[in-house]
Amino acid sequence: MIISWNTTNKCNLKCNHCYRDSGKESECELTTKEAKLLIDQIAATGFKIMIFSGGEPLMREDIFDLINYAGLAGLRPVLGSNGTLISKKTAEELKKAGIAAVGISLDSLDAKKHNNFRGYNDAFRHTICAMKNCRESGIRFQIHTTVMDWNKSEIISITDFAVGVGASAHHIFFLVPTGRGKNIKDELLNSEEYEELLTSIMKKQQQVEIEIKPTCAPQFIRIAQSLNTDIRFKRGCLAGISYCIINPRGDVQACAYLDEVAGNVREKSFDDIWKNSSLFNNLRSQQYSGSCGSCKYKKSCGGCRARAAYYNNGDYMASENLCLYSKALSYD
């Protein structure tokens, strides 16, 4: 099971798509003491991987202490970063703290496009240096790319780049328009582009040794099966089933793009929220409506629940409108 904690809302960049609208530190972010108690509860609940994300997690002063604490608690601590702050010294500190892997964002091989998307004119250079610093420090790293209409033709090339720089994986994120992402919803892929790109990605997985993982695009499971692509993943949308996220103030959500709150760790133990929240129990029931409910891939795909909510007035159990297969079912 995997959990992601947005350690802080503070960030040194102003990315166009940020679901947290990060920048300034939020009021009442979890303290070091509260964070360590949360880590203990997460480990006791049975989670295995803990992602320290943000904002930019490296802007949190106690981040190395917390990474070390998570490792000692029996969790596999990983970092999700924009990469611009991973100097050689920082990479060495991450290694010393016990980080298991680092995810570094790269959205284009064109420096100007990446910099524009990330809101910082030197983001690309720092990001490439971060990969080098992780590699030289012996830290496993992977590349994270957010798909938009202007970079969809680059995705396969970024996978090749990931192979070339020694990345262990390329995780490809299909945006749900929340936070600042609402301002760029016109740049998202349509259903045909979405299906075509997922097919290209799964074909590419047959050609490379590193892992390619589409995120917020659970239909990749169906496409992988149709192409006989060998993948280790058995389920598309994990939200509320084997994955959740915690924001800087302690609110627990099924995923970053689904605004519904299951509870707050300052008010209830994480274990109680995870096991008893109506949000999570609804998601685990898999009692979807419409074409997602009757789809033969319901158990393996599940549709993107955040996208279903966005396009269906908050109904996270509704059909997902972006899926071509779902659309075909609705016409039967």
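The first residue of the sequence shown is numbered 1, and numbering continues consecutively from there. Computed from a predicted structure; not experimentally measured.
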Which distance, rounded to the nearest 0.5 Å, do you find between the [atom1] of [X] and the [atom2] of [Y]?
X: Glu195; Y: Cys323; atom1: CD; atom2: SG; result: 6.5 Å
X: Tyr257; Y: Leu175; atom1: OH; atom2: CG; result: 5.5 Å
X: Thr159; Y: Glu211; atom1: OG1; atom2: CD; result: 11.5 Å

Is [X] linked to [Y] within one hydrophobic cluster, defined over Ile, Leu, Val, Met, Phe, Trp and Tyr using a side-chain heavy-atom separation of less than 4.5 Å?
X: Leu38; Y: Phe280; answer: yes
X: Met1; Y: Ile51; answer: no
X: Ile2; Y: Leu283; answer: no
X: Phe270; Y: Val261; answer: no
X: Leu66; Y: Met59; answer: yes

Would the distance check show the side chain of [X] and the main-chain N or O of [Y] forming a donor-acceptor pair, the cut-off being under 3.5 Å?
X: Arg305; Y: Tyr316; value: yes
X: Glu25; Y: Lys10; value: no
X: Glu267; Y: Asn264; value: no
X: Ser319; Y: Ser291; value: yes
X: Asn133; Y: Ile86; value: yes
X: Ser22; Y: Cys18; value: no
X: Asn115; Y: Ala111; value: yes
X: Arg284; Y: Gly240; value: yes
X: Gln253; Y: Cys244; value: no
X: Ser53; Y: Trp5; value: yes

More than 12 non-hydrogen atoms from neighbouring residues, nucleotides or ligands closer than 6.0 Å to [atom1] on [X], yes or no?
X: Lys298; atom1: NZ; answer: yes
X: Glu196; atom1: CD; answer: no
X: Lys203; atom1: NZ; answer: no
X: Asn121; atom1: CG; answer: no
X: Lys132; atom1: NZ; answer: no

Go through the side-chain N and O atoms of [X] and [Y] and say whether any donor and acceptor fall under 3.5 Å apart.
X: Asn82; Y: Asn12; result: yes
X: Tyr297; Y: Gln219; result: no
X: Tyr310; Y: Asp315; result: no
X: Thr8; Y: Arg60; result: no
X: His17; Y: Glu187; result: no
X: Glu154; Y: Ser108; result: yes
X: Thr145; Y: His170; result: yes

Applying side chain to side chain donor-acceptor pair (under 3.5 Å) to Thr229 and Gln206, what does each step give before you reach the verdict? CA-CA 6 Å; Thr229 301; Gln206 298 172 342; 3.0 Å; yes
With Ile172, which of Val147, Ile143, Thr215 fulfils side-chain contact (heavy atoms from CB on, under 4.5 Å)? Val147
Quick one: do [X] and [Y] make a salt bridge, cutoff under 4.0 Å?
X: Asp107; Y: Arg118; result: yes
X: Glu27; Y: Arg249; result: no
X: Lys275; Y: Asp271; result: yes
X: Glu136; Y: Lys88; result: no
X: Glu34; Y: Arg266; result: yes

Non-hydrogen side-chain atoms of Tyr19 and Val176 separated by less than 4.5 Å: no
Minimum side-chain heavy-atom gap Phe161-Leu106 below 4.5 Å: yes
Name the atoms and distances for all side-chain donor-acceptor pairs under 3.5 Å in residues 92-103, with sequence neighbours left out.
{"residue": "Lys95", "atom": "NZ", "partner": "Gly138", "partner atom": "O", "Å": "3.0"}

Going through the checks in order, is the side chain to side chain contact (heavy atoms under 4.5 Å, CB included) test met by Trp150 and Asn116? CA-CA 12 Å; Trp150 51 265; Asn116 180 64; over 6 Å; no
In terms of heavy-atom contacts, Leu189 and Glu193 come closest through CA-OE1, 3.4 Å
So which heavy atom on Pro57 is nearest to which on Leu79, and how close? CG-CD1, 3.5 Å
Can you list the steps and then say if Thr90 with Phe64 is a side chain to side chain contact (heavy atoms under 4.5 Å, CB included)? CA-CA 10 Å; Thr90 297; Phe64 302 112; 4.1 Å; yes
Check the orientation of His114 and Phe124. Use parallel for under 30°, tilted for 30 to 60°, and perpendicular for over 60°. perpendicular
In terms of relative ring orientation, are Trp274 and Phe47 parallel, tilted or perpendicular, with 30° and 60° separating the classes? perpendicular
Between Arg20 and Asn6, is the side chain to side chain donor-acceptor pair (under 3.5 Å) condition met? List the steps. CA-CA 9 Å; Arg20 287 285 176 225; Asn6 297 143; 2.6 Å; yes
Should the pair Lys14 and Tyr120 be classed as cation-pi, given the thresholds of under 6.0 Å to the six-membered ring centre and 45° from the axis? no
Go through the steps for Ser168 and Ile210 under the test side chain to side chain contact (heavy atoms under 4.5 Å, CB included), then give the verdict. CA-CA 6 Å; Ser168 61; Ile210 71 168; 5.9 Å; no
Decide side chain to side chain contact (heavy atoms under 4.5 Å, CB included) for Cys304 and Leu322; before the verdict, give the C-alpha distance in whole Å, the side-chain angles of both, and the deciding distance to 0.1 Å. CA-CA 9 Å; Cys304 175; Leu322 195 57; over 6 Å; no
